[in-house]
Amino acid sequence: MPFGEVVCGSPGSGKSTYCHGKHQLFTALNRPISIVNLDPANENIPYPCAIDIASLIKLEDVMNEFSLGPNGGMLYCMEYLEANYDWLEDRLKELDKDDYVLFDLPGQVELSTNHPSVKNIIRKLTKDGFRLAAVHLCDAHYVTDAAKYVSILMLSLRAMLHLELPHINVLSKVDLITQYGDLDFNLDFYTEVQDLSYLENLLNQQSPRYAALNMQICSLTEDYGLVGFETLAVEDKESMLNLMRVIDKATGCIFVPSPNVGQPPDTVDASHLPASQRPNMYSLMTSAAGPMRGPRSDVRDVQERWIDAKDEYDAWENVQWRKEGERVRQDASKQKGKIRERNPKVEQKAT
């Protein structure tokens, strides 16, 4: 039963960067991963791509042949992929059964909000045994403007209702949020989406013409009670690890390491079984029932790191990086000193 993610979001939200960071993280954790690029317009792929839709169809070819614009051509490409799903299915079967699979979707939001092709492809993937979660990325700078924040609330809710998957909304690029201005409320107000009536005064000031419409959207969002956000700074290891745990909990994925890796205490010894059959009660209970722990699991810690005391944390991290570099250089010099020098007398006797 393969696990994976469907990575969606508006253009510029950081989907490809997130996939690249996820690949680096999983490689460091010795966790097998494969990335599927489903964006026919993505020519500069930063990550190792296991399957690329460009080998099936390209956006530029569609636009030239049918005289379509970028959006119309993208919809055609997704409809073409849906009609030729067997191409994707055959290539997915070539991947390792233990691989965690990321599906990098195009940035056109209509594909994840109202167009049926991506939804139908996801349904076929789930029928083939994939356990998927939708990871919807939204640029964190939208929370600095009340009207823009309301727009991503509506967009996130629409994507949740359309894709019908375990869904994680993510405020990406949270490490850059201070570049766009100060927040009107604490960060947890925007991530927890609890009482949106506090936005009324801001909406009346910033966009009075659409204030009533925005408040109706806020009321609709609160009535569903589905939308919430995690935070992400791709270059921060703790942030990536926290989001990984949240997604694993949503899909029910428990990573079982290879047999030659030492197991924690109180775990089941089943090293002779394949990975798909090796139980791990410790990981199962801590992931499924335990609380989320870690430096970035609490949004108040995220606000302190990236908003309230960003400069102080950056200075502290620079000091730690320098210390780590010095330790690496010292270890390398010690290792070099242990190399035995050739003894010419011994070599002469041997000859």
Side-chain angles (χ1 to χ4, degrees), residues 7-22 24-25 46 107 109 134-157 159-160 167-203 205-207 214 217-218 221 227-247 292 294-318 320-321:
V7 184
C8 57
S10 55
S13 59
K15 298 182 296 298
S16 296
T17 304
Y18 166 72
C19 291
H20 188 202
K22 189 97 174 186
Q24 292 178 323
L25 176 66
V109 294
V135 179
H136 183 232
L137 300 183
C138 303
D139 200 316
H141 86 269
Y142 287 125
V143 303
T144 60
D145 184 280
K148 292 180 180 179
Y149 176 64
V150 173
S151 70
I152 66 169
L153 289 176
M154 181 174 62
L155 179 64
S156 300
L157 177 61
M160 295 178 77
H167 200 100
I168 296 93
N169 296 306
V170 182
L171 293 177
S172 62
K173 306 179 186 178
V174 72
D175 52 326
L176 305 177
I177 195 172
T178 55
Q179 298 180 6
Y180 300 95
D182 298 330
L183 298 181
D184 296 298
F185 305 97
N186 286 333
L187 188 59
D188 59 353
F189 172 82
Y190 300 99
T191 58
E192 296 176 2
V193 194
Q194 290 295 324
D195 191 353
L196 299 177
S197 62
Y198 287 100
L199 294 174
E200 186 171 5
N201 290 334
L202 291 172
L203 292 172
Q205 295 172 7
Q206 297 174 2
S207 54
N214 286 327
I217 295 174
C218 290
T221 304
V227 182
F229 293 93
E230 297 292 331
T231 59
L232 174 65
V234 173
E235 295 183 356
D236 182 23
K237 178 183 68 175
E238 299 295 343
S239 179
M240 288 290 292
L241 285 172
N242 177 68
L243 184 58
M244 180 195 72
R245 296 187 189 104
V246 171
I247 297 170
M292 301 300 299
R296 302 293 181 264
S297 60
D298 193 329
V299 69
R300 292 171 295 184
D301 295 335
V302 177
Q303 175 163 340
E304 181 180 6
R305 170 62 184 91
W306 298 115
I307 300 175
D308 297 339
K310 184 177 185 299
D311 294 336
E312 291 83 352
Y313 269 96
D314 288 343
W316 178 81
E317 280 192 352
N318 289 333
Q320 300 304 314
W321 288 339

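This structure is a prediction, so every number in the text was calculated from the model and none was measured. Atom set for the values below is all heavy atoms of this structure, side chains included, hydrogens, waters and symmetry mates excluded.
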Can you give me the closest heavy-atom contact between [X] and [Y], atom names plus distance?
X      : Y      : result
Val174 : Leu187 : CG2-CD2, 4.4 Å
Tyr149 : Phe229 : CE1-CE1, 4.3 Å
Ala146 : Leu202 : CB-CB, 4.0 Å
Ser156 : Cys138 : OG-SG, 3.7 Å

- Message: According to salt bridge (charged side-chain N to carboxylate O under 4.0 Å, His left out), who are the partners of Glu317, at least two apart in sequence or on a separate chain?
- Response: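 If we apply the salt bridge (charged side-chain N to carboxylate O under 4.0 Å, His left out) test to Glu317, skipping adjacent residues, the hits are Arg305.
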- Task: Report the residues that fulfil salt bridge (charged side-chain N to carboxylate O under 4.0 Å, His left out) with Lys237, sequence neighbours left out, ordered by chain and then residue number.
- Result: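 Salt bridge (charged side-chain N to carboxylate O under 4.0 Å, His left out) check on Lys237 returns nothing, list empty.
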Interatomic distance, [X] atom [atom1] to [Y] atom [atom2] [nearest 0.5 angstrom]:
X      : Y      : atom1 : atom2 : value
Leu157 : Ile152 : CG    : CD1   : 12.5 Å
Thr231 : Asn169 : OG1   : CG    : 12.5 Å
Leu25  : Ser239 : CG    : OG    : 10.5 Å
Ile177 : Ile307 : CD1   : CD1   : 4.5 Å
Phe189 : Leu199 : CZ    : CG    : 4.0 Å

- Query: Do Glu230 side-chain atoms and Val246 backbone N/O form a donor-acceptor pair below 3.5 Å?
  - Reply: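 Checked: no pair found.
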Among all residues two or more places apart in sequence or in another chain, which pass the side-chain contact (heavy atoms from CB on, under 4.5 Å) test with [X]?
X      : answer
Gln320 : Trp316, Lys323
Leu155 : Val109, Thr113, His136
Pro11  : none
Asn318 : Trp321, Arg322

- With side chain to side chain contact (heavy atoms under 4.5 Å, CB included) as the test, would you mind laying out the steps for Asn186 and Val299 before giving the verdict? CA-CA 9 Å; Asn186 286 333; Val299 69; over 6 Å; no
- Item | Sequence neighbours excluded - salt bridge (Lys or Arg N to Asp or Glu O under 4.0 Å) pairs with any residue from residues 9-22 |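 Every salt bridge (Lys or Arg N to Asp or Glu O under 4.0 Å) pair that includes a residue of residues 9-22, provided the two are not neighbours, is Glu5-Lys22.
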- salt bridge (Lys or Arg N to Asp or Glu O under 4.0 Å): pairs with one or both residues in residues 169-188, sequence neighbours excluded: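 Qualifying pairs: Asp139-Lys173.
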- Any chance CD of Glu235 has more than 12 other-residue heavy atoms, nucleotides or ligands included, within less than 6.0 Å?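 Open: at most 12 neighbouring heavy atoms sit under 6.0 Å from CD of Glu235.
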Going by the rule side-chain hydrogen bond (donor to acceptor under 3.5 Å, both in side chains), which residues pair with [X] if we only count those two or more places apart in sequence or in a different chain?
X      : value
Asp311 : none
Thr178 : none
Thr144 : none

- Given the rule in the side chain to side chain contact (heavy atoms under 4.5 Å, CB included) test, do Met240 and Leu232 qualify, once you have shown the distances and angles that lead to the verdict? CA-CA 7 Å; Met240 288 290 292; Leu232 174 65; 3.4 Å; yes
- Assign the ring pair Tyr198 / Phe185 to parallel, tilted or perpendicular, where the plane angle (0 to 90°) is split at 30° and 60°.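 Geometry flag for Phe185 against Tyr198: perpendicular rings.
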- Query: Among all residues two or more places apart in sequence or in another chain, which pass the ring pair (Phe, Tyr, Trp, His ring centres under 6.0 Å) test with His141?
  - Reply: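 In terms of ring pair (Phe, Tyr, Trp, His ring centres under 6.0 Å), with neighbours along the sequence ignored, His141 is linked to Tyr180.
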- His20/Gln24 under side chain to side chain contact (heavy atoms under 4.5 Å, CB included): CA gap, chis, key distance, verdict: CA-CA 6 Å; His20 188 202; Gln24 292 178 323; 3.6 Å; yes
